[in-house]
K.L.:
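Sending over a structure as structure tokens; questions will come in a sec.
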Amino acid sequence: MLREKGFEPGGQFIWFFHRVSGFALVILLILHFAWVHFSTDVTSDGLLTFNDVMNRLSSPFFKAIDLSFLVLALAHGLMGVMLSIQDYIKRQGLRMIAVGTVWILAIVFGVWGSVTILTLKPHEPGTTPEPVRKVTGVPQPAEENQALWQIVEDGQ
Amino acid sequence: MERTFKIFRYDPEKNGKPHFQTYKLDCPSGCTVLDALYNIKGELDGTLTYRRSCRSGICGSCGMKINGINCLACKTQVEFLKGKVIYVEPLPGFPILRDLVIDLEPFWEKFEAIKPYLINNSKPPTTERYQSEEDQLKIEEASWCILCNCCTSSCPSFWANKEYLGPAALLKAYRFVFDSRDQGAEERYRMLNTRSGLWRCHTIFNCMDACPQDINITDYISQLKTRIVSERY
Amino acid sequence: MRYRIRTGALAFILHRATGLALVLYLFVHIFSVSRLANPASFNEEMALYSSALFKFVELGLLGVVVAHVLNGARIIAVDFWGASRKQATVFYVAVGVGTLVVLYGAIHLLPAVFDGISSGQLLSPSYEVIHGGGH
Ligand code: HEM
Ligand code: HEM
Ligand code: SF4
Ligand code: FES
């Protein structure tokens, strides 16, 4: 008869979560794109800068949205990796290693991303705002660009 | 019209290696692939081995992979097959016994696992167990299955994981779980709601493309999933 | 002969490949967002992303996201709205909508890419940030 091992219960949660989080992620992803590409902060000067991000993320509300986006995207994606593991890795030992790795990745990147959002500090006074200039014109020699770049970085 | 057949051959008893053998054959209009196999066996090569019985699409014996898609040989007409060469192979994902004949034991095993019979512990009435027309319609299409194994053997999830119950068994599970006269749902969930059950289905649709009965298999599997999930969450 | 890949199987392969690719992207993304801790370094990075090569990569990313999202919607439609019989049509509609979105992205992103190619400067930023300056 059938080997019992393959018939471990479970699996319904991943299926359910993929659909629910997928639904939520559509909305969050559209908002994310609107914010990082189409907000006036960005479109007025063409570049997304630290200040543009801070304008929004200094509010706890937006921080909460960002955190839930992080958690949902990470959980959704890594559960997808779990699904693939269940599909393709059949050796018990190998499977345990793979599942363990996914958990470690989930914790490492979950904590790392949350810390980034939670510990955001506004610009030090005197260093804002940050005007953005379009680098225009005909091809510039690489050195010249390099020099410009240097100034920009050292600037204040 | 003359057509070329490349047919999968394998005879373990003669230490044969799996290979394709080419036959050329005149196929009149209306000739099915099964007719062609009959002719090859009768006139060209008596050693060719395949399963068939009804030759009219009802017994489910003649499932095979024809030009890369699982189907019934007796329901597939040669004139509608594109390409110069017609490839005929056994259903994939199962042990091959000889030529086009596969070992169906793993298929029946999965089938048995979901208890493909009515479970009802109440006292049998003196008449039949009646059911409303509406209730019957829920399971009618799912009862058309002729157990040809075209679907399970076409499923990439099954190829990757031979413990997966597969679409045919899941469809049969639907047929009983959604039968108003049946009380065995919980028992079946113990097999369905597992790592080798429902959740290996990723809506790939190979099963529906292969099914000679044109059953809406994926939809029934999805209904099982949603029912289990809505009962738990 | 290989088993023929039809619409459903193609959609599945794409969904899995794009999903796994997005997970890898997310890891890299969490790293790059972590540079917000240092404003100058974050701005430098964003400026780098305005270079031709990264604009091109961004277009690819858009394609991957759009493919996964739209096919995700197709899967949900199959599961909950009985779209199973119409899955192939839904797939082609998704391809159509996806193409439009990616085209829209291309209109915004490709000019910078072509500039970069014609000037041979694939990695030089097309914007710069002047820290500490005034508006
Ligand atoms: C934004 C809208 C999204 C929607 C609607 C969506 C939808 C889905 C759905 C329905 C599944 C289940 C597939 C199945 O059961 O076979 C899935 C799987 C998956 N998703 Fe998403 N997803 C979205 C975003 C993402 C993101 C942002 C990531 C990566 C971080 C991601 C990574 C994955 C992975 C790796 C899988 C598993 C692939 C598989 O099982 O074939 N998804 N997605
Ligand atoms: C090129 C397109 C993208 C740009 C320029 C971009 C930019 C950013 C920026 C600036 C942040 C910082 C927080 C904020 O502004 O809200 C951020 C955070 C985030 N982004 Fe994106 N993003 C892009 C695409 C994506 C995609 C496709 C995904 C989904 C897989 C994604 C997922 C996230 C997540 C989860 C966070 C929170 C990260 C954390 O907490 O560390 N982003 N993104
Ligand atoms: S569901 Fe269709 S393909 Fe599958 S065994 Fe039944 S008749 Fe054959
Ligand atoms: S011979 Fe009976 S189904 Fe083809």
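Only a predicted model underlies this, so the values are computations on that prediction, with no experimental measurement involved. Residue numbers begin at 1 in each chain, while the letters A, B, ... track the order of the sequences.
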K.L.:
Apply side-chain hydrogen bond (donor to acceptor under 3.5 Å, both in side chains) to A:His37 and list each qualifying residue two or more places apart in sequence or on a separate chain.
P.N.:
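None.
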K.L.:
Which atoms of A:His76 come close to chain C, meaning under 4.5 Å heavy atom to heavy atom: side chain ones, backbone ones, both, or neither?
P.N.:
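The side chain, not the backbone.
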K.L.:
If you count heavy-atom pairs under 4.5 Å between each of A:Leu74, A:Leu25, A:Val26, A:Thr119 and chain C, which one has the most?
P.N.:
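Answer, by heavy-atom pair count under 4.5 Å with chain C: A:Leu74.
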K.L.:
For the ring pair (Phe, Tyr, Trp, His ring centres under 6.0 Å) test, which of A:Phe16, A:Phe23, A:Trp15 pairs with C:Phe80?
P.N.:
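Single pass found, and it is A:Trp15.
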K.L.:
Could I get the full list of salt bridge (Lys or Arg N to Asp or Glu O under 4.0 Å) partners for A:Arg56, not counting sequence neighbours?
P.N.:
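Expected list: none.
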K.L.:
Among C:His108, C:His29, C:Arg35, C:Met46, which residue forms the greatest number of heavy-atom pairs with chain A at distances under 4.5 Å?
P.N.:
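Among the listed options, the one with the most contacts to chain A is C:Met46.
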K.L.:
Can you tell which part of C:Ser50 gets under 4.5 Å to a heavy atom of chain A, answering side chain, backbone, both or neither?
P.N.:
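Contact with chain A: side chain only.
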K.L.:
Does any heavy atom of chain C fall under 4.5 Å from the side chain of A:Asp66, the backbone, both, or neither of them?
P.N.:
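Neither part; nothing is under 4.5 Å.
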K.L.:
Side chain from CB out, backbone as N, CA, C, O: work out which of these in C:Leu36 comes under 4.5 Å of a heavy atom of chain A, or both, or neither.
P.N.:
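When you check distances to chain A, atoms from both the backbone and side chain of C:Leu36 fall under 4.5 Å.
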K.L.:
For the interface with chain C, which of A:Leu29, A:Leu48, A:Leu57, A:Ile117 has the highest count of heavy-atom pairs at distances below 4.5 Å?
P.N.:
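Most heavy-atom pairs within the cutoff with chain C belong to A:Leu48.
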K.L.:
Once rounded to the nearest 0.5 Å, what's the spacing between atom CG of A:Leu105 and atom CD1 of C:Ile30?
P.N.:
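Here the interatomic distance stands at 10.0 Å.
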K.L.:
Check each atom of C:Arg16 against the heavy atoms of chain A and say whether the ones under 4.5 Å are side chain, backbone, both or neither.
P.N.:
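Contact with chain A: side chain only.
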K.L.:
In chain order, what residues pass the salt bridge (Lys or Arg N to Asp or Glu O under 4.0 Å) check against C:Asp79, with sequence neighbours excluded?
P.N.:
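Salt bridge (Lys or Arg N to Asp or Glu O under 4.0 Å) check on C:Asp79 returns A:Arg19.
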K.L.:
Could you look at C:Val69 and say if it's the side chain, the backbone, both or neither that has a heavy atom under 4.5 Å from chain A?
P.N.:
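Side chain only.
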K.L.:
Can you establish whether the number of heavy atoms outside C:Phe56 located under 6.0 Å from its atom CZ is more than 12?
P.N.:
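12 or below, so no.
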K.L.:
Say whether, by atom type as modelled, one donor and one acceptor occur between the side chain of C:Asn43 and the main chain of A:Thr49 under 3.5 angstrom.
P.N.:
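No; judged by distance alone, with no hydrogens or angles, the pair does not exist.
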K.L.:
Could you walk me through whether C:Phe42 and A:Val53 pass side-chain contact (heavy atoms from CB on, under 4.5 Å), step by step?
P.N.:
CA-CA 10 Å; C:Phe42 180 79; A:Val53 173; 4.0 Å; yes
K.L.:
Among residues 107-116 of chain A, which residues come closer than 4.5 Å to chain C, judged by heavy atom distances?
P.N.:
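The residues closer than 4.5 Å to chain C, in numerical order, are A:Phe109, A:Trp112, A:Gly113, A:Thr116.
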